[in-house]
Amino acid sequence: MAMAMRLPAIARAATEMASAPVGLRRLLCSNATNFSFLSPQANSETPARPQADPTTNLFVSGLSKRTTSEGLRTAFAQFGEVADAKVVTDRVSGYSKGFGFVRYATLEDSAKGIAGMDGKFLDGWVIFAEYARPREPYRPQNNMPPSPYGNRY
DNA sequence: TGTGAGCGC
């Protein structure tokens, strides 16, 4: 009886925690060093917005290492048209880094994707779906060693 | 334990 209660209770707790806003999630998932509710201006204003601006692009974390880009696309495709889905993998080992990106065709779809997938289970792991931050500008790695003669010809 | 927070090439 008691054993039968264990798994559902854990699953429920995980889902509840996952359904909390991202800021609160950080509080629940880690031993927070910053108790912002003790701060006077915490209620009036939140200086740093925890959530990125809405985009068609989603950042998905908490993925199982076994989840592939195809699995990611399949899971998110039930809530909208997925234009692109990618699990980020380590270049040398090929293993998943445990997070990825899903780009929907429209903003409406991406909103539905978050609502439908955030805090849900995928391959046995509770995943987090949120709007992705704009990708860092691509700068080609300049592997040229500094010339002893300087950069002038 | 591809040891688990994160933002990709």
Side-chain angles (χ1 to χ4, degrees), chain A residues 3 6-39 42 45-147 151:
Chain A
M3 291 297 287
R6 278 178 72 105
L7 189 58
I10 293 175
R12 204 179 322 120
T15 338
E16 283 178 7
M17 189 168 73
S19 63
V22 270
L24 185 55
R25 252 189 247 149
R26 304 264 182 266
L27 212 63
L28 292 171
C29 295
S30 63
N31 34 359
T33 57
N34 175 22
F35 294 94
S36 57
F37 52 85
L38 293 178
S39 179
E45 194 170 342
T46 48
R49 53 187 59 186
Q51 191 70 278
D53 295 328
T55 333
T56 58
N57 202 25
L58 301 186
F59 171 68
V60 185
S61 58
L63 293 177
S64 163
K65 301 282 189 185
R66 305 183 312 181
T67 299
T68 68
S69 297
E70 290 71 28
L72 197 62
R73 168 185 288 270
T74 305
F76 279 77
Q78 46 184 341
F79 300 102
E81 180 185 348
V82 176
D84 186 49
K86 186 174 89 175
V87 168
V88 177
T89 57
D90 183 80
R91 261 185 105 75
V92 290
S93 69
Y95 289 132
S96 164
K97 288 188 174 179
F99 66 90
F101 297 89
V102 173
R103 180 176 293 279
Y104 277 101
T106 67
L107 277 171
E108 292 76 26
D109 286 351
S110 65
K112 286 191 294 183
I114 290 183
M117 287 305 295
D118 185 44
K120 297 298 164 53
F121 282 89
L122 180 57
D123 292 331
W125 286 72
V126 177
I127 68 171
F128 300 140
E130 55 193 303
Y131 293 116
R133 298 199 277 268
R135 184 158 61 172
E136 65 180 28
Y138 173 66
R139 46 167 172 249
Q141 251 76 344
N142 195 355
N143 289 332
M144 296 288 288
S147 166
N151 287 330

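By convention in this document, chain letters (A, B, ...) are assigned in the order of the sequence lines, proteins followed by strands, and residues within each chain are numbered from 1.
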Of Glu136(A) and Lys97(A), the one whose nearest nucleotide on DNA chain B sits closer to the 5' end is Lys97(A)
Check whether the aromatic ring of Phe101(A) stacks on the base of dG8(B), taking stacking as ring centres less than 5.5 Å apart and planes within 30° of each other. yes
What's the CD-P distance between Glu130(A) and dC7(B), to the nearest Å? 10 Å
Which residues, if any, of residues 57-69 of chain A bring a heavy atom under 4.0 Å of DNA chain B? Asn57(A), Phe59(A), Ser61(A), Gly62(A), Leu63(A), Lys65(A)
How do Thr89(A) and Ser96(A) order along DNA chain B: which one's closest nucleotide is nearer the 5' end? Ser96(A)
Closest approach of Ala75(A) and Leu122(A), non-hydrogen atoms and distance? CB-CD1, 3.8 Å
For the rings on Tyr131(A) and Phe59(A), is their centre-to-centre separation under 6.0 Å? no
Starting from P on dC7(B), measure out to CZ on Phe99(A) and report it in whole angstrom. 7 Å
Could you give the CG-to-P distance, from Asp90(A) to dG8(B), as a whole number of Å? 13 Å
Nearest heavy-atom pair of Ser64(A) and Ser96(A): which atoms, and what distance? O-OG, 4.1 Å
Minimum-distance nucleotide to Trp125(A) side chain [options: dG8(B), dC9(B), dG4(B)]: dG4(B)
Can you tell me if the side-chain N/O atoms of Arg135(A) get under 4.0 Å from OP1 or OP2 in dG8(B)? no
Considering non-hydrogen atoms only, spot the tightest contact between Leu107(A) and Thr55(A) and give its length. CD2-C, 3.3 Å
I need the CG-P distance between Leu72(A) and dC7(B), as an integer number of Å. 17 Å
Just verifying a value: how many Å separate Met117(A) CE and Leu58(A) CG, rounded to the nearest 0.5 Å? 10.5 Å
For Ala52(A) and Ala132(A), which heavy atoms make the closest approach, and how far apart are they? CB-O, 4.1 Å
